[in-house]
**Q** 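What follows is a structure written as structure tokens; I'll ask about it next.
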Amino acid sequence: MPEAHSRSTSALAQAVAAVLHPVLPAEAGLSLDDVAGMLAPPRAKNMGDLAFGCFRLRPAYDGAPPPKIAAELAEKLPTDGVIAQAVAAGPFLNLTLDPGSMAAAVLPTLARGLGEPVVTRDEKVMVEYSQPNTHKAFHVGHMRNVSLGDALVRLLRAHGHEVVAANYLGDVGAHIAKCLWWFLDVLTEEEQQPPNDGKGEWLGSLYAKANNQLVDWETSAKAGDADAQAKLDAAKARTTDILLKLESRDPELLAVWEKTRQWSLEEFDEIYAWSKVVFDRVFYESEVDEPGLKLVQEYLDKGVFVESEGAIGIFNEEIKHMPFFMLRKGDGTSLYSTKDLALANLKFKDFAIDRSIYVVDMRQSDHFKHVFLTLKKMGFEQAELCHHVPYEMVELPEGAMSTRKGTVILFRALRERMLGHLQEAYLDKYRGEWSDAEIDETAHALALGAIKYGMLNRDVNQKIVFDLEAWMNLEGNTGPYIQYSAARLGSILRKAKEAGKVLDPALVDNAEALRAAGSELVQPEERELIGALDGLRLAVFNAASHLKPSLLCTYLHSLAKAVNRFSTNKKCKVIDQDGDRLQGRLLLVTAANEALRWGLWQLGIPSPQRM
RNA sequence: GCUCGCAUAGCUCAGUCGGAUAGAGCAACGGUUUCCUAAACCGUAGGCCGCAGGUUCGAUUCCUGCUGCGAGCACCA
């Protein structure tokens, strides 16, 4: 029976609910799942494994106070199965569970391996993310979007959806015109040669120079500088000329555009490969600019769109503070908005999706409200199925990133600095002992852990202040901390195997043996770890259904803490055990190792075997 | 001005459906290694959950108003 790796209730809660539910009065009207959903870990560890709040039972008990209900339930509850002890504590019923039952309920599914996602839901979802512009630099800010979009793709798949991961590259538009203006009119033929390495970044620097020059001229012109005004006007005329030629596919310009665009695309491919991000479909703005303009003309003729100050657009009065949504510029060229109309159409037509998610920063919230509203007014009913996932910006300690001020951290510099630091601080000590390839691979995995976890471990509507030094510290609540706790578990399994001690593969399917092995897991750290592992599916469920990977981050950090408490405690050693206790601990370590690695991978973070 | 977001420990942040004594990380102080990885673990200290009302048996959580910070608001994407 295929099953998505996410559930709204945990395995332990379900096992307990099966015993608790029959004891509750039918008048309470609670289903088995309701009861399971009301069970949660108690406030403090010494209160037991699960707690049941009796507040909602009040009406069924003629309004009796919850503490009295809890006391009554504690009396009635059978304690010879999964529930070993039931104690009323105020309005709560605190339950201590039988170790063998806990282990049997939680560990086998994890120890078997969670594997690849299975489609269990009807809703097919497209997640569009990344959307970098060609001819512009790729920097840390873009990494938040990539990390977030990729994690959402993975989480929705784990949640049981069929997902189309889509990218949408900005390969046409005003920024291209500015870059090509600089490239063609300012650079000499000799200067037009890009470096062998980092062609895309080099192109981005040309765009930055062009843009800075235009801003400078504009500033001077406003201050009354006639010369600057003349230069600005000329440049603007030229960029418009380039833009028009680009949209009409002028052969000469097209050749330059194709050549330079390719430099950026190659760099993006390299970045995505390093980031372990894969797209099922890449859309290009260049494939929707013409269809977009056609749509604008069509709906202008139909009277849905109107002309205003030379531009074409629509007045969406629903958005009071800025009702006019421009769809075609006065010079006849297209805008981001123009292309978004055609793109939405294309997505639904080509992929038969049921839901379309746009991962784009929060500043575009009004834009997408306009897009979806406009689509609806055009009679495109599927606009209802479009959904913008906004997120806050990434800033530097000294303030917002600015290409102009040169304060951006470009991707390549970020990568090199992280890899260099990780090797020097943690991995160089293994030189000679490990192969260079393994050291490189481990540094790569840790760098991904640091940057992705850093970007994801924060609610989407919180700003991130990116402090490279702090993130490279790798202490505390970080990706590498979680990777480290998994590596330790891997190390335990590896050393146990060397000592000839392995998990009996038949154990996970043998109820009797499971109970016997599980009953040995009585140390507080072991019980706590089983309880923590029980939360994995719920964490994935919440992260996927709320589209918030940060929820999984928070869970994995608490799981890693439980793992490290177990690994550190000498009373929980594995290798010096035998028999049922050895099997119980091997089962626990195997399950925890799988949970951590699988959980991290749902965030796009690989786990090194050792570190 | 209008719209949206944020405000919780010294700093950076969690806090599921409104429920027990509001939790982590960093920084500070003290402790743990005859080592299944000290990138770890344990302990101490640290709080007007921005302010004022409202709803509720119960509010950090929901509602209203206010204050502070940030972002967006016509030819950029």
Side-chain angles (χ1 to χ4, degrees), chain A residues 8 37-38 40 42-44 47 51 53-56 58 63 65-66 89-92 94 131 133 136 170 173-175 178 211 285 308-313 319-331 333 335-337 339 360-367 369 390 392-393 395 400 425-426 446 457-459 461-465 467 470 473-478 480-481 483-485 487-496 498-499 501 525 538-539 541-542 545-546 548 550-551 553-554 557-558 560-561 563-570 572-576 585 589 610-611:
Chain A
S8 59
M38 288 164 72
R43 260 288 169 263
M47 290 174 166
C54 298
F55 307 98
R56 272 194 254 168
R58 248 182 131 169
F92 289 88
N94 288 339
Q131 313 107 331
N133 287 323
K136 272 176 121 172
H175 66 284
K178 287 180 190 173
N211 198 43
E285 284 192 21
S308 169
E309 297 174 32
I312 308 298
I319 298 166
K320 294 190 286 282
H321 57 286
M322 46 170 290
F324 187 66
F325 186 44
M326 191 184 294
L327 293 160
R328 192 175 82 193
K329 289 189 275 183
D331 63 10
T333 58
L335 287 146
Y336 194 43
S337 53
K339 298 158 210 166
V360 184
D361 76 72
M362 199 169 264
R363 295 178 305 190
Q364 318 280 339
S365 292
D366 284 331
H367 168 80
K369 271 185 207 143
E392 261 289 3
M393 306 304 292
E395 292 184 0
Y426 301 108
L446 294 180
N457 181 35
R458 189 145 313 178
D459 195 277
N461 49 27
Q462 286 284 359
K463 227 173 5 190
I464 292 180
V465 176
D467 184 343
N473 248 333
L474 308 182
E475 282 176 343
N477 187 358
T478 65
Y481 168 80
Q483 290 169 309
Y484 170 77
S485 56
R488 273 183 83 160
L489 294 178
S491 181
I492 291 173
L493 292 174
R494 193 168 53 242
K495 295 204 169 164
E498 281 164 18
K501 298 184 173 184
E525 289 81 5
L538 182 58
F541 181 93
N542 285 331
S545 52
H546 292 101
K548 284 176 188 272
S550 61
L551 297 175
C553 291
T554 302
H557 178 244
S558 68
K561 284 195 69 81
V563 164
N564 277 328
R565 274 194 280 269
F566 166 83
S567 304
T568 306
N569 194 313
K570 291 192 194 75
C572 298
K573 269 191 82 166
V574 177
I575 290 175
D576 51 5
R585 288 187 178 168
V589 172
R610 51 180 185 174
M611 60 188 272

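Side chains included, hydrogens not; waters and symmetry mates left out as well; all remaining heavy atoms used. Here the structure is a predicted model, which is why all the values come from computation and not from measurement.
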**Q** Atom CG of A:L474 and atom P of B:rA38: how far apart are they, to the nearest Å?
**A**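 Roughly 17 Å, once rounded to whole Å.
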**Q** Does A:A174 reach a base, just sugar-phosphate, or nothing at all? Heavy atoms under 4.0 Å.
**A**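 Sugar-phosphate: the residue A:A174, judged by heavy atoms under 4.0 Å, touches backbone atoms but no base.
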**Q** Between the side-chain atoms of A:N542 and the base atoms of B:rU16, is any donor-acceptor pair under 3.5 Å?
**A**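 Present.
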**Q** How would you label the contact of A:K495 with the nucleic acid (heavy atoms, under 4.0 Å): base, sugar-phosphate, or nothing?
**A**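 Answer is sugar-phosphate: A:K495 comes under 4.0 Å of backbone atoms only.
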**Q** Heavy atoms only, 4.0 Å cut-off, all strands: where does A:E285 land among base, sugar-phosphate and nothing?
**A**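 If one applies the 4.0 Å heavy-atom cut-off, A:E285 turns out to touch the sugar-phosphate alone, with no base involved.
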**Q** Just to confirm, is there a sub-4.0 Å distance from OP1 or OP2 of B:rU37 to any side-chain nitrogen or oxygen of A:R488?
**A**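 No, outside the criterion.
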**Q** Given that A:T554 and A:S567 both sit by RNA chain B, which one's nearest nucleotide is further toward the 5' end?
**A**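 On the 5' side of the pair lies A:T554.
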**Q** For the P atoms, the ones on B:rG53 and on B:rG47, what distance do you get once it is rounded to whole angstrom?
**A**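 These two P atoms come out 23 Å apart once rounded.
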**Q** Would you say A:R494 places a side-chain N or O within less than 4.0 Å of OP1 or OP2 belonging to B:rC36?
**A**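 For A:R494, the contact criterion (side-chain N or O under 4.0 Å from OP1 or OP2 of B:rC36) is not met.
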**Q** When all nucleic acid strands are considered with a 4.0 Å heavy-atom cut-off, which category describes A:G37: base, sugar-phosphate, or nothing?
**A**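 The answer is base, as A:G37 lies within the cut-off (heavy atoms under 4.0 Å) of a base atom.
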**Q** Measuring to OP1 and OP2 of B:rA14, would you say a side-chain N or O of A:Q462 lies under 4.0 angstrom away?
**A**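 Yes, such a contact exists.
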**Q** I'd like to know if A:K339 pairs up with A:E285 as an ion pair, taking the criterion as any Lys NZ or Arg NE/NH1/NH2 lying under 4.0 Å from an Asp or Glu carboxylate oxygen.
**A**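 A:E285 and A:K339: salt-bridged.
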**Q** Between B:rU32 and B:rC17, how far is it from one C1' atom to the other, in whole Å?
**A**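 About 42 Å, rounded to a whole number of Å.
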**Q** Does the side chain of A:K561 get closer than 4.0 angstrom to OP1 or OP2 of B:rG25 through an N or O atom?
**A**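 Affirmative; the distance criterion is met.
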**Q** With the side chain of A:Y484 defined as its heavy atoms from C-beta on, choose the nearest nucleotide among B:rG5, B:rA77, B:rU37.
**A**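 Selected nucleotide (nearest to the side chain): B:rU37.
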**Q** Given Watson-Crick or G-U pairs with both distances under 3.5 Å, what dot-bracket string fits RNA chain B, with | for other-strand pairs and [ ] for crossing?
**A** (((((((..((((.....[...)))).(((((.......))))).....(((((..]....))))))))))))....
